[in-house]
*Asks:* 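Would you mind keeping the following structure in view while I ask a few things?
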Amino acid sequence: MSRRILRIGVFVIAMALLAGITQLFVGPNPALMAMKMTVLEHLLSGAFLFGAFFIATDPVTSPLSRKGKFYFGGGVSFFVWLLRTFSNY
């Protein structure tokens, strides 16, 4: 008896989009690369991994449709990137 509870699609989409957003805005500019986090640092930081794996894949908060998963994962990635890039913590 096996139940598929973990929806890994949002996690994968969030990881891919965060890598893409970071590479798009930071990658081409070496001056920004020295000041900000690299793609790998964005992906492997604890808060993003915790949020993307445990919170975004939760059956209560995770959308059911493929389009919804894409938008939800994109929103998670965009807000993580936005807060990490422009906040003062």
Side-chain angles (χ1 to χ4, degrees):
M1 183 166 91
S2 173
R3 290 177 25 177
R4 295 189 58 147
I5 295 176
L6 180 65
R7 295 186 179 116
I8 202 74
V10 175
F11 177 71
V12 172
I13 290 170
M15 294 280 285
L17 288 176
L18 183 62
I21 290 169
T22 306
Q23 186 64 32
L24 179 70
F25 289 110
V26 177
N29 191 348
L32 282 178
M33 190 66 139
M35 294 168 33
K36 301 295 180 189
M37 297 171 68
T38 64
V39 175
L40 192 59
E41 289 172 335
H42 270 286
L43 290 176
L44 297 179
S45 292
F48 173 71
L49 285 179
F50 178 78
F53 190 75
F54 288 108
I55 296 172
T57 60
D58 184 38
V60 176
T61 59
S62 182
L64 298 176
S65 68
R66 286 183 185 250
K67 194 181 225 184
K69 289 178 184 180
F70 181 77
Y71 288 134
F72 187 69
V76 167
S77 299
F78 177 73
F79 284 117
V80 165
W81 175 81
L82 188 72
L83 288 172
R84 285 186 181 169
T85 304
F86 296 110
S87 68
N88 290 327
Y89 78 95

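What's counted below: heavy atoms across the whole structure, side chains too, no hydrogens, waters or symmetry copies.
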*Asks:* Using distance only, find each side-chain donor-acceptor pair of residues 71-79 under 3.5 Å and give its atom names and separation, not counting sequence neighbours.
*Replies:*
{"residue": "S77", "atom": "OG", "partner": "A14", "partner atom": "O", "Å": "2.6"}
{"residue": "S77", "atom": "OG", "partner": "G73", "partner atom": "O", "Å": "2.9"}

*Asks:* Between L49 and L82, is there a shared hydrophobic cluster once you connect ILVMFWY residues whose side-chain heavy atoms come closer than 4.5 Å?
*Replies:*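 Same hydrophobic cluster.
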*Asks:* Closest approach of L18 and W81, non-hydrogen atoms and distance?
*Replies:*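 Minimum heavy-atom separation between L18 and W81: CD1-CB, 3.8 Å.
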*Asks:* Mind checking whether L64 and I13 sit in one hydrophobic cluster, side chains of I, L, V, M, F, W, Y counted as touching below 4.5 Å?
*Replies:*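 Looking at the clustering, I13 is in a separate group from L64.
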